[in-house]
Protein chains: 2
Amino acid sequence: MTPRSAPTATPKAGDPAPRMRAEDRRELVLRAATRVFGERGYHGATTDAIAKAAGVSQPYVVRMFDGKEALFLEVLGRALERVSASFRQAIAELPPGASPLDRAHCIGAAYGELLSDRGLLLSLMHAFVAGADPEIGAAARSGFLQIYRLLRDEAGLSPDEVTGFLAEGMLLNTLVGLRMGLEVDDDPAAAELVQHVAPTKHALLVQLAKARTV
Amino acid sequence: MTPRSAPTATPKAGDPAPRMRAEDRRELVLRAATRVFGERGYHGATTDAIAKAAGVSQPYVVRMFDGKEALFLEVLGRALERVSASFRQAIAELPPGASPLDRAHCIGAAYGELLSDRGLLLSLMHAFVAGADPEIGAAARSGFLQIYRLLRDEAGLSPDEVTGFLAEGMLLNTLVGLRMGLEVDDDPAAAELVQHVAPTKHALLVQLAKARTV
DNA sequence: GTCTATATCTTGATAGAC
DNA sequence: GTCTATCAAGATATAGAC
């Protein structure tokens with residue numbers, strides 16, 4: 001989709017620098033929205049903050065996505081899709097005779113890479129605790145169950161294995177939400193906690209640490 | 001504290017019905033705030049909604065707690081205290097020679113009872129994902145670590161056992177946040193998921209189901 | 001497609017009576 | 001201690017120009 005070589009109608013080739021295709025700008029806004037929603041939650045995030053982060057005007061953000069709620073739902077949907085895609089790829093790359101524990105471990109590693117995108121995971125978390133909201137709650141439930149089924153049916157994990165996997169993931173997300181990185185030097189318990197969450201996944205720790213400063 | 005038999009100065013005994021001691025009213029507001037904050041998060045909750053839920057005026061809520069943020073911090077502090085107290089009581093009632101797994105199980109049961117208070121757990125969760133906020137984030141980090149230390153030092157669990165325990169707790173909280181109760185009859189995966197989170201704790205399931213409707 | 005200007009509504013907080 | 005009235009700021013959304 002969107003072949004860069006064939007813009008639809010009004011390319012206007014030689015424009016200065018801030019000029020970009022509408023679809024790219026849309027992507028830019030979505031990324032900014034993911035970051036801001038992740039940081040402050042649905043209610044805490046303002047369309048103005050998102051607009052500023054994306055370098056566009058506030059009314060444009062509202063118009064492009066037909067309102068703040070619709071924008072959040074789109075961010076949520078994309079986040080869920082990215083998690084699903086990441087898991088599916090890990091499953092596809094699984095060695096043939098892998099045990100359930102090995103499978104869970106590999107998928108967990110894939111999840112670890114997602115940790116570098118704080119906004120994505122935290123937008124998900126904010127949605128997960130917003131079950132009381134009619135629209136957001138429904139989308140969040142449906143998305144969570146979709147991931148559950150993926151792990152059970154496509155990864156071939158047992159229900160207990162899936163819940164164990166999800167539990168670890170939720171703790172990880174919570175630590176990211178708390179901004180509890182490695183360099184919490186003011187409290188040794190923090191470092192110990194982070195180091196024991198995913199002892200085998202060193203990459204995770206680096207990402208967690210990075211997530212606190214970035 | 002607060003002996004009901006000896007009101008401080010102005011008892012005004014024979015008042016109609018809405019009359020109550022200031023301290024009780026304060027407690028009432030705190031409970032309402034816990035519920036509303038849990039439902040909509042810090043930013044989503046309005047002081048007006050809290051006031052209405054408590055049956056008092058909005059300015060009174062603001063004045064009584066010196067602002068919305070201070071009110072949330074107090075709700076958060078009390079929630080943390082209640083979790084700590086609940087854990088400590090479970091630890092005190094532990095049989096002498098209990099294994100780490102037994103200990104974790106008993107403390108988990110205590111946590112299960114807390115699940116009946118949706119507002120409490122969800123106010124905590126909202127705080128945990130608000131690490132970016134200067135005040136709330138600091139309080140949330142400190143509170144989370146306090147619970148970590150309690151489980152490690154007072155319950156005698158190893159760091160790995162503590163993180164396993166916390167992981168299960170975070171998943172449980174997330175399911176409560178999603179309003180994913182037992183009677184999610186429209187999707188069999190939901191029921192399966194809930195039933196596998198805490199297979200040994202039947203009480204939890206009842207509470208989870210209740211949490212969806214109440 | 002994108003911006004500026006602005007309407008309108010919400011909300012936290014203050015002032016002051018009782 | 002508690003309420004009513006009210007203000008000021010902030011935020012979403014709309015109108016319309018370019």
Side-chain angles (χ1 to χ4, degrees), chain A residues 2 4 7-30 32-33 36-37 39-75 133 135-136, chain B residues 2 7-30 32-33 36-37 39-75 130 133 135-136:
Chain A
T2 315
R4 168 163 292 185
T8 49
T10 26
K12 258 173 186 165
D15 285 298
R19 265 275 166 269
M20 74 194 318
R21 297 206 323 290
E23 191 179 338
D24 292 343
R25 206 170 281 270
R26 185 186 168 89
E27 184 65 28
L28 204 68
V29 172
L30 275 170
V36 177
F37 277 133
E39 198 146 303
R40 312 198 203 172
Y42 172 66
H43 293 283
T46 66
T47 54
D48 190 57
I50 293 169
K52 281 194 171 62
V56 300
S57 72
Q58 179 267 331
Y60 188 35
V61 170
V62 171
R63 171 168 294 211
M64 200 186 322
F65 294 92
D66 203 50
K68 180 183 175 181
E69 185 173 78
L71 172 55
F72 183 79
L73 290 174
E74 176 125 0
V75 164
D133 183 281
E135 317 278 340
I136 298 175
Chain B
T2 315
T8 48
T10 26
K12 258 173 187 167
D15 285 298
R19 264 275 168 270
M20 74 193 317
R21 296 204 327 289
E23 191 179 339
D24 292 342
R25 206 170 280 272
R26 185 187 167 88
E27 184 66 27
L28 203 69
V29 172
L30 274 170
V36 177
F37 278 133
E39 198 147 304
R40 313 198 201 170
Y42 172 65
H43 292 284
T46 67
T47 54
D48 191 57
I50 293 168
K52 280 194 171 61
V56 299
S57 72
Q58 179 266 332
Y60 188 36
V61 170
V62 171
R63 171 168 294 210
M64 200 186 322
F65 293 92
D66 202 49
K68 181 184 176 182
E69 184 173 78
L71 171 55
F72 183 79
L73 290 173
E74 176 127 0
V75 164
D133 183 282
E135 317 279 341
I136 298 176

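Labels below follow one simple rule: chain letters A, B, ... track the order of the sequence lines, proteins then strands, and each chain is numbered from 1.
- Put simply, CG on D48(B) is 14 Å from C1' on dT6(D), counting in whole angstrom units.
- Rounded to whole Å, the distance from CE on M64(A) to P on dG1(C) is 9 Å.
- Geometrically, K68(B) engages Y42(B) in a cation-pi contact, judged by NZ or CZ lying under 6.0 Å from the ring centre and within 45° of the ring axis.
- Counting to the nearest Å, the P atom of dG12(C) and the CZ atom of R40(B) are 11 Å from each other.
- Atom CG in D24(A) sits roughly 13 Å away from atom C1' in dG1(C) (whole-Å rounding).
- L71(A) places its CG atom 15 Å from the C1' atom of dA11(D), with the value rounded to the nearest Å.
- Nearest approach of A70(B) to D66(B), heavy atoms of both residues: CB-O, 3.7 Å.
- One atom, NZ of K68(B), and another, P of dG12(C), lie 4 Å apart when rounded to the nearest Å.
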Check nucleotides 3-5 of chain C against the protein and report each pair of N or O atoms closer than 3.5 Å, with its distance, or say if there are none.
{"residue": "dC3(C)", "atom": "OP2", "partner": "S57(A)", "partner atom": "N", "Å": "3.1"}
{"residue": "dC3(C)", "atom": "OP2", "partner": "S57(A)", "partner atom": "OG", "Å": "3.1"}

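- In this structure, L71(A) and L30(A) have side chains that are in contact, with non-hydrogen atoms separated by less than 4.5 Å.
- Within 4.0 Å of A45(A), counting heavy atoms only, lie sugar-phosphate atoms of the nucleic acid but no base atom.
- Contact annotation: the side chain of F65(B) never approaches that of L73(B) to less than 4.5 Å [non-hydrogen atoms, C-beta and beyond].
- Here dG1(C) is the nucleotide among dG1(C), dT12(D), dT11(C) with the atom lying nearest to any side-chain atom of A22(A).
- For the pair H43(B) and R40(A), the tightest heavy-atom approach, listed with the atom from each and the gap, is CD2-O, 3.8 Å.
- Rounded to a whole Å, the CZ atom of F65(A) is 12 Å from the P atom of dG1(C).
- Side-chain nitrogen and oxygen atoms of T47(A) include none within less than 4.0 Å of the OP1 or OP2 phosphate oxygen of dA11(D).
- Screening T47(A), T46(A), D48(A) for a side-chain hydrogen bond (donor to acceptor under 3.5 Å, both in side chains) with Q58(A), the sole residue that qualifies is T47(A).
- One interatomic measurement links the two molecules: NE2 of H43(A) to C1' of dT11(C), which rounds to 14 Å at whole-angstrom precision.
- Nearest heavy atoms, V75(A) versus A33(A): CG2-CB, 3.9 Å.
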